[in-house]
Amino acid sequence: MDVVQSASTEITIAKKSFKKIPSVLLGSLVEEPKKRHAVPNHLVESKIYSEFQRSKVIQAEPAMLHYGGYELGKHHQQILKLINISGDVINLHIMPPQTKYFQIKYKKPHRLVPGLSYVVTVDFCPDEWRYYYDCVRIHCQGEDTLLIPVHAYPVANVVEFPSFINLSDVSVGKRLNCPNSVSL
């Protein structure tokens with residue numbers, strides 16, 4: 001058996017100082033990663049979604065989703081039912097909302113039997129006080145499509161109106177001066 005001699009474990013350090021390489025030079029040597037473009041969705045780009053509430057084969061309950069009086073940073077959920085109203089077993093494609101504020105969750109195990117429905121949970125999480133709009137698109141077999149608009153707006157959920165409002169008679173072009181009135 002031959003004996004192999006081990007290499008020296010001593011490390012020699014160069015006494016010269018290393019020169020700094022300008023960052024401009026390094027930038028020209030390193031290629032920036034290319035940003036990936038979103039994968040196009042053929043069903044969203046090529047179809048026209050104009051039917052509301054129900055199409056020939058599918059019905060949405062509710063027809064529109066409204067998130068009124070939301071709280072910032074909090075998740076708000078609503079349930080959307082997609083019901084097969086045709087006489088045939090159908091397969092449908094559910095396209096999620098395009099913005100980051102609305103997300104959907106659902107289980108789609110098989111094709112949809114007549115009379116049964118898919119339950120879709122639509123989650124909304126705002127980050128500022130403003131109006132939000134998006135939609136859920138449904139594509140069925142053939143050219144059958146359905147559009148479910150989703151709106152969110154910062155208003156109070158509780159609406160209280162007085163049961164009686166007294167508007168007294170005033171001549172056209174005249175104004176009634178009341179002690180409690182506010183002029184704009």
Side-chain angles (χ1 to χ4, degrees), residues 27 30-165 167 182 184:
V30 179
E31 183 180 355
E32 290 292 324
K34 294 179 182 175
K35 291 184 180 179
R36 289 186 176 182
H37 297 288
V39 177
N41 189 335
H42 173 71
L43 292 176
V44 172
E45 294 174 1
S46 65
K47 302 291 181 192
I48 297 173
Y49 295 85
S50 60
E51 295 292 324
F52 292 104
Q53 187 175 7
R54 72 186 308 167
S55 67
K56 296 174 189 169
V57 295
I58 199 87
Q59 177 177 341
E61 287 183 5
M64 251 183 250
L65 295 174
H66 292 277
Y67 293 89
Y70 57 77
E71 294 179 36
L72 293 182
K74 210 173 182 189
H75 287 269
H76 305 275
Q77 290 186 343
Q78 287 194 24
I79 302 296
L80 171 68
K81 279 184 163 182
L82 301 173
I83 305 165
N84 182 355
I85 57 172
S86 72
D88 299 325
V89 176
I90 62 168
N91 190 15
L92 51 97
H93 305 279
I94 304 171
M95 270 76 65
Q98 302 285 313
T99 62
K100 67 178 183 178
Y101 306 106
F102 298 99
Q103 296 178 352
I104 61 172
K105 298 174 195 154
Y106 62 93
K107 289 184 180 177
K108 187 179 158 191
H110 302 288
R111 298 180 349 152
L112 193 57
V113 177
L116 294 184
S117 65
Y118 288 140
V119 175
V120 179
T121 304
V122 182
D123 188 43
F124 169 61
C125 186
D127 60 358
E128 61 181 315
W129 292 106
R130 69 178 184 92
Y131 170 72
Y132 294 90
Y133 171 77
D134 210 331
C135 54
V136 177
R137 294 173 184 87
I138 310 298
H139 176 259
C140 302
Q141 297 161 340
E143 296 297 316
D144 200 31
T145 60
L146 183 65
L147 182 72
I148 300 122
V150 183
H151 303 276
Y153 34 85
V155 296
N157 257 348
V158 179
V159 180
E160 293 182 20
F161 290 105
S163 60
F164 179 76
I165 299 175
L167 301 174
V182 177
L184 298 174

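In this chain, numbering begins with 1 at the start of the sequence shown. None of these values were measured; they are calculated from a predicted model.
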Hey, does [Y] have a side-chain heavy atom less than 4.5 Å from the side chain of [X]?
| X | Y | result |
| --- | --- | --- |
| L92 | H139 | no |
| K81 | Q59 | no |
| I94 | I104 | yes |
| I148 | C135 | no |

Hey, could you give me the [atom1]/[atom2] distance between [X] and [Y], rounded to the nearest 0.5 Å?
| X | Y | atom1 | atom2 | result |
| --- | --- | --- | --- | --- |
| S55 | I85 | OG | CD1 | 6.0 Å |
| H75 | Q103 | NE2 | CD | 7.5 Å |
| I58 | L112 | CD1 | CG | 5.5 Å |
| Y132 | T99 | OH | OG1 | 9.0 Å |
| Q78 | H66 | CD | NE2 | 9.0 Å |
| L146 | M95 | CG | CE | 10.0 Å |

Aromatic centroids of F124 and Y101 separated by under 6.0 Å: no

Among all residues two or more places apart in sequence or in another chain, which pass the side-chain contact (heavy atoms from CB on, under 4.5 Å) test with [X]?
| X | value |
| --- | --- |
| V113 | L116 |
| Y131 | Y133, H151, Y153 |
| K108 | N91, Y106, Y118 |

Can you list everything that forms a side chain to side chain donor-acceptor pair (under 3.5 Å) with T121? Sequence neighbours excluded, please. none

S86: partners by side chain to side chain donor-acceptor pair (under 3.5 Å), with sequence neighbours left out: N84

Heavy atoms only: give me the nearest P149-A63 pair and the separation to one decimal. CD-O, 3.7 Å

Minimum-distance pair of heavy atoms, taken over all atoms of A152 and Y70: C-CE2, 4.0 Å

With side chain to side chain contact (heavy atoms under 4.5 Å, CB included) as the test, would you mind laying out the steps for L147 and T145 before giving the verdict? CA-CA 7 Å; L147 182 72; T145 60; over 6 Å; no

The complete set of salt bridge (Lys or Arg N to Asp or Glu O under 4.0 Å) pairs with one or both residues in residues 64-76, sequence neighbours excluded, reads E71-K74

For residues 114-135, which residue pairs qualify under salt bridge (Lys or Arg N to Asp or Glu O under 4.0 Å), counting only residues two or more places apart or in two chains? E128-R130

Name all residues meeting the salt bridge (charged side-chain N to carboxylate O under 4.0 Å, His left out) criterion together with K100; count only those two or more places apart in sequence or in a different chain, and write none if there are none. none

With side chain to side chain contact (heavy atoms under 4.5 Å, CB included) as the test, would you mind laying out the steps for Q98 and R137 before giving the verdict? CA-CA 10 Å; Q98 302 285 313; R137 294 173 184 87; 3.7 Å; yes

Show the numbers, then the answer: is there a side chain to side chain contact (heavy atoms under 4.5 Å, CB included) between D88 and V57? CA-CA 8 Å; D88 299 325; V57 295; over 6 Å; no

Carefully, step by step, assess E61 and I83 under the rule side chain to side chain contact (heavy atoms under 4.5 Å, CB included). CA-CA 8 Å; E61 287 183 5; I83 305 165; 3.6 Å; yes

Is the Y67 ring parallel, tilted or perpendicular to the F102 ring (thresholds 30°, 60°)? tilted

